Amino acid sequence: MDLPPTLAELNSCPPERFLTVLGTVFEHAPWVAEAALPARPFRSVDALHAAMMAVLQALPEPALLELLRGHPELAGSAARAGTMTADSADEQGSLALQALAADEAAQWDALNTAYREQFGFPFILCIRRHDRASALQAFLQRLHNTRGTELRHALDEIAAISRLRLAQRVHEAA
């Protein structure tokens, strides 16, 4: 199995290669990697991640909401239909969220609907940091937050998700 490219390789490769490797770090948003490209060279993968997150943090709210709405619901219909991105399918698959029993699926669907109606975007959680019970507990707790708090939580969760995805795409030499 080939190792992913190193940060040094990404710092010096043609822009097309950079975008091929990093364009899927953020769900349906290759423009994030493209916007971070001019900041090369990066001292570390953490610096690369910080540059990418700075792109998101600078977004006006309508653009941020568009980004958030590009994320699939946890255990939602896209999971059950197998129509999510490979990354999301892998992440949700780690908890078998695509294969819930009918009563569990109905519970998650109701939570997804309530969350989307309340906040205007899907519930976003770095599922790799949870088991099914703790993910459900986080979902239930966060329904009590304000919209502003949830926008911050969504960005924090996207930061965690994207950092884990970067670790898969960039070989961090010792």
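Computed from a predicted structure; not experimentally measured. Each residue takes its place number in the sequence, starting with 1.
- At distances below 3.5 Å, not a single donor-acceptor pair connects side-chain atoms of Ser88 with backbone N or O atoms of Thr85.
- With contacts defined as side-chain heavy-atom distances shorter than 4.5 Å, the pair Arg147/Arg152 does not qualify.
- Counting heavy-atom neighbours within 6.0 Å of Glu104 CD, excluding the residue itself, gives a total above 12.
- Without hydrogens or angle criteria, Asp90 side chain to Ala86 main chain gives no donor-acceptor distance under 3.5 Å.
- The shortest distance between side-chain heavy atoms of Phe121 and Leu151 falls below 4.5 Å.
- One N or O on the side chain of Arg40 and one on the backbone of Cys13 form a donor-acceptor pair closer than 3.5 Å.
- Considering every non-hydrogen atom in both Ala138 and Leu125, the closest pair reads CB-CD1, 4.2 Å.
- Thr20 and Arg17 share no donor-acceptor pair across their side chains, judged by distance under 3.5 Å alone.
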**Request:** Before giving the answer on side-chain contact (heavy atoms from CB on, under 4.5 Å), spell out for Leu100 and Arg132 the whole-Å C-alpha distance, their side-chain angles and the decisive distance to 0.1 Å.
**Result:** CA-CA 11 Å; Leu100 296 172; Arg132 197 182 292 176; 3.2 Å; yes
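- A donor-acceptor pair under 3.5 Å is formed between the side chain of Gln118 and the backbone N or O of Leu143.
- Between Val170 and Leu22, some side-chain heavy-atom pair lies under the 4.5 Å cut-off.
- Note that CZ of Arg163 is 11.0 Å distant from CE of Met52, once rounded to the nearest 0.5 Å.
- Using modelled atom types and a 3.5 Å distance limit, the side chains of Tyr115 and Glu73 yield no donor-acceptor pair.
- Taking the six-membered ring where tryptophan is involved, the planes of Phe42 and Phe18 are essentially parallel, since the angle between them stays under 30° and well short of 60°.
- Contact check for Ile161 versus Ile127: no side-chain heavy atoms found under the 4.5 Å cut-off.
- Remark: Asp156 CG to Met53 CE distance equals 7.5 Å, nearest 0.5 Å.
- Between the side chain of Arg129 and the backbone N or O of Glu157, no donor-acceptor pair lies under 3.5 Å.
- Leu164 and Cys126 make their closest contact through CD1-SG, 3.6 Å (heavy atoms, listed as atom of the first residue, atom of the second, distance).
- Checked by atom type and distance alone, the side chain of Ser94 pairs as donor or acceptor with a backbone atom of Glu91 at under 3.5 Å.
- Taken from CG in Leu111 to CG in Leu136, the straight-line distance is 6.0 Å, to the nearest 0.5 Å.
- Among all heavy-atom pairs drawn from Val55 and Ala35, the shortest one is CG2-CB, 3.7 Å.
- Counting only distance, with no hydrogens or angles, the side chain of Ser162 and the backbone of Ile158 share a donor-acceptor pair below 3.5 Å.
- In this structure, Phe26 and His49 have parallel ring planes: the angle between them is below the 30° cut-off, well short of the 60° mark.
- Note that NE2 of His153 is 4.5 Å distant from CG of Asn145, once rounded to the nearest 0.5 Å.
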**Step-by-step side-chain contact (heavy atoms from CB on, under 4.5 Å) determination, Leu64 to Leu155** = CA-CA 9 Å; Leu64 176 60; Leu155 272 176; 3.9 Å; yes
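- Checked by atom type, the side-chain pair Thr24/Arg169 shows a donor-acceptor distance below 3.5 Å.
- The structure places CD of Glu66 at 8.5 Å from CZ of Arg69, a figure rounded to the nearest 0.5 Å.
- At least one test fails for Arg116 against the ring of Phe123: distance under 6.0 Å to the centre or angle within 45° of the axis.
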**Request:** Evaluate the criterion side-chain contact (heavy atoms from CB on, under 4.5 Å) for residue pair Ile124 and Leu74; output intermediate values, then yes/no.
**Result:** CA-CA 8 Å; Ile124 298 171; Leu74 289 181; over 6 Å; no
**Prompt:** Given the rule in the side-chain contact (heavy atoms from CB on, under 4.5 Å) test, do His28 and Leu67 qualify, once you have shown the distances and angles that lead to the verdict?
**Reply:** CA-CA 8 Å; His28 303 293; Leu67 173 90; over 6 Å; no
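- For the residue pair Asp131 and Ser134, the shortest heavy atom distance occurs at OD1-N, 2.7 Å.
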